[in-house]
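Below you'll find the structure, written out as structure tokens, and then a few comments.
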Amino acid sequence: MIERLVEQIEERFEDLSKQMTDPRVIADRARYAEVGRAYRALEPAHKLAEEYRKAADDAAGARELLSEDGDDPELRELLRTSEERLAELEDEIRLAMVEPDPTDEKDVIVEVRAGTGGEEAGLFAGDLYRMLTRYAERRGFKPEPLSVSDGHYTFAIRGRGAYSVFKYEGGTHRVQRVPETESQGRIHTSTATVAVLPEAEEVEVQIDPNDLQVDVYRSSGPGGQSVNTTDSAVRITHKPSGLVVSMQDEKSQLQNREKAMRVLRARLYEQELAAQQAELSAERRSQVGTGERSEKIRTYNFPQDRVTDHRVKLTRGNLQGVLAGDLDGFTAALEADEKRRKLESSSLVES
């Protein structure tokens with residue numbers, strides 16, 4: 001029952017509060033930090049538990065008074081609103097007690113690649129790159145280009161909680177429009193894939209330097225022409241996994257190497273998460289797939305000026321506004337859907 005869960009939250013919060021003022025805990029820096037994290041994590045659920053107690057008291061008081069005077073409209077309204085809020089709080093409290101995704105608070109590295117559709121797919125990949133960087137700026141995050149070329153864009157998004165927002169953008173995006181080069185006005189369908197990787201710290205992913213093959217070469221521009229007179233471009237191959245990361249945007253070999261290592265750590269971290277959790281693995285595989293037109297999470301239809309997210313069956317107009325970074329409506333719907341699924345799959349045991 002929800003009553004028992006509320007009691008458990010209250011008891012645990014009281015215990016943590018006492019520990020926060022215990023001189024023995026305060027003297028142990030590691031222990032104090034651990035208790036502090038647990039306290040802050042439980043605080044939202046405790047506030048909901050307090051609200052639940054108040055709503056329950058209001059409902060009980062209204063029932064008692066209505067038993068004496070059943071014709072009071074204000075009491076009937078108080079009972080109705082209190083019972084409605086109690087029902088809402090049950091779901092909110094259960095959700096607050098679901099274990100959060102530890103990657104949600106991380107920065108992210110995003111990779112956008114052209115899928116099927118030739119030149120038009122490359123142009124669409126550029127549209128998605130601009131859409132996501134503009135959305136990052138709108139949300140107060142800081143986008144940081146790492147490698148930008150025709151049809152392939154790698155960039156970081158920095159800011160607390162970046163992964164919790166941009167994880168919903170991972171997958172195959174489909175565009176339907178008439179290319180500028182199409183003389184007969186036919187609508188073409190193209191795709192681009194987006195992979196969203198939580199950025200890993202060096203302490204989270206240990207890489208043995210002996211496992212790396214580092215090649216340097218001269219960076220090149222369109223058509224293979226050399227744009228640098230020194231061997232500043234870097235290609236790193238992680239031999240155990242076979243992952244290859246190349247960077248050439250910076251004039252400094254050291255800077256290109258640092259960027260390549262950031263992307264490599266993010267990819268290895270994602271692989272480790274996928275290996276540890278089968279459910280997470282399935283989610284990651286579904287992000288990119290093969291880039292075929294049928295594997296889509298969202299469609300951008302230019303002739304009808306609409307964008308449809310197929311995961312939550314949400315369609316919006318103002319396509320140009322969406323491409324300018326107005327993604328809040330989609331993010332909110334996807335967040336709500338994720339909360340609903342967490343509630344349905346929650347394994348909390350209430351005695």
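Each residue takes its place number in the sequence, starting with 1. From a predicted model like this one, the values you see are computed outputs, not experimental measurements.
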About how many Å separate [atom2] of [Y] and [atom1] of [X], when rounded to the nearest 0.5 Å?
X      : Y      : atom1 : atom2 : result
His238 : Gln271 : NE2   : CD    : 8.5 Å
Leu65  : Glu74  : CG    : CD    : 11.5 Å
His188 : Thr116 : NE2   : OG1   : 12.5 Å
Leu264 : Ile207 : CG    : CD1   : 4.5 Å
Leu327 : Met131 : CG    : CE    : 5.0 Å
Gln206 : Asp211 : CD    : CG    : 12.0 Å

*Which residues satisfy the side-chain contact (heavy atoms from CB on, under 4.5 Å) test with Glu51, sequence neighbours excluded?*
Leu48, Arg85, Leu89
*Using the test side-chain contact (heavy atoms from CB on, under 4.5 Å), find all partners of Glu11 that sit at least two apart in sequence or belong to another chain.*
Arg4, Glu7
Can [X] and [Y] be counted as an ion pair, charged N to O under 4.0 angstrom?
X      : Y      : value
Asp28  : Arg24  : no
Arg262 : Glu258 : no
Arg316 : Asp309 : no

Please check this pair: side chain of [X] against backbone of [Y], looking for a donor-acceptor N/O pair closer than 3.5 Å.
X      : Y      : value
Arg267 : Val244 : yes
Asp107 : Ala156 : no
Asp305 : Leu319 : yes

Say whether [X] and [Y] are linked into one hydrophobic cluster, either directly or through other cluster members, by side-chain heavy-atom distances under 4.5 angstrom.
X      : Y      : answer
Leu123 : Val148 : no
Val178 : Tyr300 : no
Ile9   : Leu86  : yes
Phe124 : Ile187 : no

With a 6.0 Å cut-off (strictly less than), is the heavy-atom count around [atom1] of [X], excluding the residue itself, greater than 12?
X      : atom1 : answer
Glu50  : CD    : yes
Arg53  : CZ    : yes
Arg177 : CZ    : yes

*Going by the angle between their ring planes, with limits at 30° and 60°, are Phe13 and His46 parallel, tilted or perpendicular?*
parallel
*Taking the six-membered ring for Trp, are Phe155 and Tyr129 parallel (under 30°), tilted (30 to 60°) or perpendicular (over 60°)?*
perpendicular
Of all heavy-atom pairs between [X] and [Y], which one has the smallest distance, and what is that distance?
X      : Y      : result
Pro198 : Tyr163 : CD-CE1, 3.7 Å
Gln248 : Ala233 : CB-CB, 3.6 Å
Asn256 : Glu250 : ND2-O, 2.8 Å
Gly170 : Val196 : N-CG2, 3.8 Å
Leu79  : Ala59  : CD1-O, 3.6 Å
Arg134 : Gly325 : CB-CA, 4.2 Å

Are [X] and [Y] packed together at the side-chain level, in the sense that at least one heavy-atom pair is separated by less than 4.5 angstrom?
X      : Y      : value
His173 : Arg298 : yes
Tyr52  : Glu3   : yes
Arg37  : Arg40  : yes
Ser241 : Leu268 : yes
Glu120 : Thr189 : no

*Could you please spell out the steps behind the side chain to side chain contact (heavy atoms under 4.5 Å, CB included) verdict for Leu323 and Phe302?*
CA-CA 11 Å; Leu323 289 178; Phe302 275 71; 3.6 Å; yes
*Starting from the C-alpha separation in whole Å, work towards a yes-or-no answer on side chain to side chain contact (heavy atoms under 4.5 Å, CB included) for Met20 and Val25.*
CA-CA 7 Å; Met20 290 286 287; Val25 175; over 6 Å; no
*Show your reasoning for whether salt bridge (charged side-chain N to carboxylate O under 4.0 Å, His left out) applies to Glu83 and Arg63.*
CA-CA 11 Å; Glu83 289 180 337; Arg63 287 192 201 96; 3.1 Å; yes
So, [X] and [Y]: side-chain donor and acceptor under 3.5 Å apart, yes or no?
X      : Y      : value
Asp22  : Tyr32  : no
Arg265 : Tyr269 : no
Thr299 : Thr308 : no
Asn301 : Gln176 : yes
Arg113 : Thr193 : no

*Start with the C-alpha gap between Arg139 and Val165, add the side-chain angles, then the distance that decides, and say whether side chain to side chain contact (heavy atoms under 4.5 Å, CB included) holds.*
CA-CA 9 Å; Arg139 293 292 296 258; Val165 173; 3.6 Å; yes
_Working for salt bridge (charged side-chain N to carboxylate O under 4.0 Å, His left out), residues Arg76 and Asp72_ = CA-CA 6 Å; Arg76 286 199 300 272; Asp72 190 321; over 6 Å; no
_Stepwise salt bridge (charged side-chain N to carboxylate O under 4.0 Å, His left out) check, Arg12 with Asp15_ = CA-CA 5 Å; Arg12 176 61 174 157; Asp15 177 57; 3.4 Å; yes
*asked:* Can you tell me which residue among Ile236, Val245, Leu243 is in a side chain to side chain contact (heavy atoms under 4.5 Å, CB included) with Val263?
replied: Val245
*Show your reasoning for whether side chain to side chain contact (heavy atoms under 4.5 Å, CB included) applies to Lys251 and Ser232.*
CA-CA 6 Å; Lys251 293 182 179 180; Ser232 61; 5.5 Å; no
*Mind checking what makes ring pair (Phe, Tyr, Trp, His ring centres under 6.0 Å) contact with Tyr168, not counting sequence neighbours?*
none
*Show your reasoning for whether salt bridge (charged side-chain N to carboxylate O under 4.0 Å, His left out) applies to Lys18 and Glu14.*
CA-CA 6 Å; Lys18 289 179 179 177; Glu14 183 180 359; 3.7 Å; yes
